[in-house]
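Before any comments, here is the structure.
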Amino acid sequence: MRRFGRFELRALLGCSGRSMAWQAHDTGHGCERVLVLPRSQPVDDDALERWLQQARRMARVQHPCLAAVLEVGAQERWPYIAHDAAHAATFAARPPAAGGEAPAEVARWTLQALEGLAYAHEAGFAHGDVQPFLLSQVDTGRVCVLGLGVADAIPVLDETLPSSDLRRDAERAAEQDVLAMGVVMHGWLCQRPAFGEPDIACAVARLPPHGNESLRLPWALPRPLPDGLRTIANRATDAQPRQRFRSARAGARALVEWLAVAGDQAVDAHAALLERVRSVGMLPALPGAAERAARLALMERQHTEELAQVVLRDPALCFELLRHVNSAQVRGTQLAGSGPILTVRRGIAMIGLDGVRRVALGLRAWPGPLEQVAADDLKQRIGRAQHAARLAARLRPAGYDAELVSLVALMQNLGRLVVQYHFPDEMRQIQKLMSPPSPSVTALGEQAAAQAVLGADLESMGTAVARWWGLDEAALLLMRRWPTAAAARPGESDADIFREVASAANEAVDTLSLAPRMAAEALQRVALRHARTLGLTSKELKTELQTSARVPFAAATGARAFGASAVDA
């Protein structure tokens with residue numbers, strides 16, 4: 001029997017170009033272990049010491065889906081990591097299931113592995129060699145990742161990294177872990193290794209950007225595969241690196257959503273969003289807006305109108321005020337049967353100036369937990385939403401309340417804004433799917449792209465938040481943009497008019513992100529679709545669109561209302 005110091009090596013569990021795993025008996029402690037080692041020795045004593053220090057740091061990262069490290073050591077200059085023998089049941093030794101693995105089981109295995117990897121990435125480390133023989137299933141059925149650090153993985157997402165180049169290399173290492181897990185998932189679904197390569201790293205090297213081959217699930221599989229899971233698996237190994245899951249957390253979230261839709265888990269995108277909203281708030285206050293509102297709330301009552309103007313400049317303050325005044329506790333003080341509060345003026349009247357001050361001071365300061373790039377993306381999206389709100393006020397038919405139609409236009413962006421704030425990486429992926437890098441790649445619509453990334457469309461994310469506020473179905477209908485597939489029918493009620501005008505304003509603002517020629521054609525379609533309600537030609541609509549971009553709301557309507565936002569200033 002082969003000896004390795006005090007260990008008796010019983011069986012080779014698997015090996016790759018970078019690592020290997022052995023089932024071993026620890027003669028010193030009289031127990032079984034799983035040893036994970038690199039395939040090559042460190043070049044010198046300094047390299048060995050660096051390996052051991054790195055492995056010990058990684059051993060402190062504890063998660064249910066990361067195999068606990070019992071020992072980090074070296075024998076004859078061969079470093080090793082020791083795990084409990086319960087992890088000897090690796091997926092490399094798992095016999096193929098008759099008729100193929102159940103798709104839901106594969107989704108759960110992949111989800112648990114990605115959750116472990118995501119935790120390691122967020123703690124500052126990449127794995128570097130994700131392989132089936134380094135994935136085990138313990139007695140409880142949970143999947144665990146073994147050998148974190150065995151491939152001398154580099155740290156990731158560490159703010160103390162000395163250079164931007166090293167940070168980019170580190171982030172790429174984390175993305176390689178996610179891609180490797182996608183290749184593993186592909187093999188599980190097909191019941192055979194991708195490209196016939198048992199070493200996942202070799203299969204990954206054949207995919208862009210390193211190789212030129214593509215990897216998509218065949219239509220003939222051992223077991224029928226639901227379209228949603230097929231989309232997730234193909235996206236994980238997409239030939240376009242920009243369209244893959246950017247992080248392990250994003251891939252895990254997509255699987256959680258698919259499992260929820262499939263009835264296998266109760267967690268879904270809406271619940272994940274609401275959990276985030278409860279923990280860190282709806283949106284961060286724009287710079288200075290909350291402080292200005294809090295100061296104005298201390299003034300005399302005749303400044304209520306000015307306070308409403310300040311509140312309306314900040315979507316975070318608007319939304320938080322609406323949430324507060326529509327909560328069950330506040331609504332309970334109203335007469336039975338009264339509808340939801342949908343204007344800032346009425347909200348201020350409900351809770352008073354002191355209430356507004358409490359709401360304003362309760363907001364998180366800009367930009368909340370966001371990094372600079374994500375904060376800039378959110379700032380840009382807020383600017384577009386406010387532009388649509390101002391345009392809606394200018395487009396409204398005579399006699400309709402400017403504040404209400406503007407708030408409806410703003411609320412039609414609620415889902416997009418909260419997803420941009422709470423899930424910036426996923427929103428970036430949605431944008432990439434909507435704007436592929438080359439004409440040969442089919443672009444997805446916003447709804448399809450959001451479904452592929454989040455498992456839910458952005459509009460439903462917003463209505464889930466508004467339903468949590470306490471808004472009824474009639475109010476939720478206002479938040480849904482008018483379908484763009486056909487001309488809008490004449491409004492049958494005031495609510496229809498508000499909804500259509502707000503939709504037209506948002507559609508018009510969306511055209512600004514298109515190329516000039518495409519934007520002109522799209523704006524003409526908006527004018528034609530809403531001609532009966534707006535009564536504008538495409539040229540007149542373009543003029544209003546341009547004017548609303550630079551003219552404050554109050555000046556545009558002649559009303560005492562909100563002016564240009566802090567974002568637009």
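Computation of the quantities below employed the complete heavy-atom set of this structure, encompassing side-chain atoms and omitting hydrogens, waters and symmetry-equivalent molecules.
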Euclidean distance, H83 NE2 relative to S136 OG, rounded to 0.5 Å = 8.5 Å
Quick check: does any side chain N or O of [X] sit under 3.5 Å from a backbone N or O of [Y], one acting as donor and the other as acceptor?
{"X": "R77", "Y": "P42", "answer": "yes"}
{"X": "R244", "Y": "D238", "answer": "yes"}
{"X": "T27", "Y": "R6", "answer": "yes"}
{"X": "Q131", "Y": "I200", "answer": "yes"}
{"X": "Q112", "Y": "V143", "answer": "yes"}

State, without any angle test, whether [X] and [Y] hold a side-chain donor-acceptor pair at a distance under 3.5 Å.
{"X": "S460", "Y": "H270", "result": "yes"}
{"X": "R94", "Y": "Q137", "result": "yes"}
{"X": "R50", "Y": "Q53", "result": "no"}
{"X": "Y80", "Y": "E71", "result": "yes"}
{"X": "D84", "Y": "H87", "result": "no"}
{"X": "R381", "Y": "Q420", "result": "yes"}
{"X": "D376", "Y": "Q372", "result": "yes"}

message = Does F4 form a ring pair (Phe, Tyr, Trp, His ring centres under 6.0 Å) with W78? I'd like the steps, not just the answer.
response = CA-CA 9 Å; F4 181 68; W78 278 97; 7.7 Å; no
key: Greater than 12 external heavy atoms within 6.0 Å of E275's CD   = no
ask   = For the residue pair W469 and F319, does the interplanar ring angle fall in the parallel (under 30°), tilted (30 to 60°) or perpendicular (over 60°) class?
value = tilted
message = Could you check whether F91 and W109 have their ring centres less than 6.0 Å apart?
response = yes
message = Is the shortest side-chain heavy-atom distance between L13 and V34 below 4.5 Å?
response = yes
